[in-house]
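Just below is one structure, and these are the notes that go with it.
Indexing begins at 1, ligand by ligand and atom by atom, following the structure's order. Since the structure is predicted, the reported quantities are computational estimates derived from the model, not experimental observations.
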Amino acid sequence: MTVERTLAIIKPDAIAKGVAGQIVTRIEEAGFKILAAKLIHMSPEDAAGFYIVHKALPFYRSLCAFMTQGPCLPMVLEGDHAIQRWRELMGATDPAKAAPGTIRKAFAASIEANVVHGSDSPTSAAFEISYFFSSLELCPRSNRGD
Ligand code: GDP
């Protein structure tokens, strides 16, 4: 058993389409523990900082604009091998290539508007969790390591 934490985001397109609840249900049914969650509307600076590793990519500006078009729901998920398992539940970046039963296959409209985000490594999970949440916001208290 390798308990990990990962940063998930229900992206603005999913909130706008009204499928956030269905995505949260899939997360819970897969056995993840939700340690923290909050609805926020990112500024351009917030999105640019979050996706700083993608700064050189051609879709960086478009991605940042997409992520600021409305509120999104960052969450901290915990569970056995949570980083990899959450990425498997999300499905491939491009919904046309996502496996049946995945969240992106069910709800995503395009390679950009793909409804969910998930950390891709322990290093990025640590950066991304602390980008949105302080240790005081991770519940219950016994999970904070204090
Ligand atoms: P992820 O880890 O599956 O989310 O994929 P990446 O880290 O490669 O990309 C981050 C996000 O950028 C994706 O979730 C998409 O929202 C967006 N994205 C990825 N590839 C493309 C692309 O080719 N074009 C555009 N417009 N957006 C993309």
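Among protein heavy atoms, atom 3 (O) of ligand 1 sits closest to T93 OG1, 2.6 Å. Considering only non-hydrogen protein atoms, atom 15 (C) of ligand 1 sits nearest to I111 O, 3.2 Å. Nearest protein heavy-atom neighbour of atom 7 (O) of ligand 1: H54 NE2, 3.1 Å. With respect to atom 13 (C) of ligand 1, the closest heavy atom belonging to the protein is N114 ND2, 3.6 Å. For atom 16 (O) of ligand 1, the nearest protein heavy atom (residue, atom name, distance) is E112 O, 2.8 Å. Closest protein heavy atom to atom 4 (O) of ligand 1: R104 NH2, 3.1 Å. Scanning the protein heavy atoms around atom 25 (C) of ligand 1, the nearest turns out to be F59 CB, 3.4 Å.
In terms of hydrophobic clustering, with Ile, Leu, Val, Met, Phe, Trp and Tyr side chains grouped at heavy-atom distances under 4.5 Å, L73 and L138 are assigned to different clusters. Hydrophobic clustering, with ILVMFWY side chains joined whenever heavy atoms are under 4.5 angstrom apart, groups F66 together with I52. Transitive grouping of hydrophobic side chains (ILVMFWY, heavy atoms separated by less than 4.5 Å) keeps I83 and W86 in distinct clusters.
Summarising the local packing, NZ of K17 is surrounded by more than 12 heavy atoms from other residues, nucleotides or ligands at distances under 6.0 Å.
For K11, a nitrogen or oxygen atom sits less than 3.5 Å from a nitrogen or oxygen atom of ligand 1, counting backbone and side chain alike. Considering both main-chain and side-chain atoms, S62 never comes within under 3.5 Å of ligand 1 through any nitrogen or oxygen pair.
Of the heavy atoms in M67, none comes closer than 4.0 Å to ligand 1.
We find that K38 and E137 are joined by a salt bridge, their nearest charged nitrogen and carboxylate oxygen being less than 4.0 Å apart.
Interatomic distance, M42 CE to K11 NZ, rounded to the nearest 0.5 Å: 9.0 Å.
Between the side chain of D80 and the backbone N or O of T2, at least one donor-acceptor pair lies under 3.5 Å.
The heavy-atom pair separating R104 from V116 by the smallest distance is NH2-O, 2.7 Å.
Near R87, meaning under 4.0 Å from one of its heavy atoms, ligand 1 places the atoms 2 (O), 3 (O).
Relative to atom 11 (C) of ligand 1, the option among D120, V116, I9, L63 with the closest non-hydrogen atom is L63.
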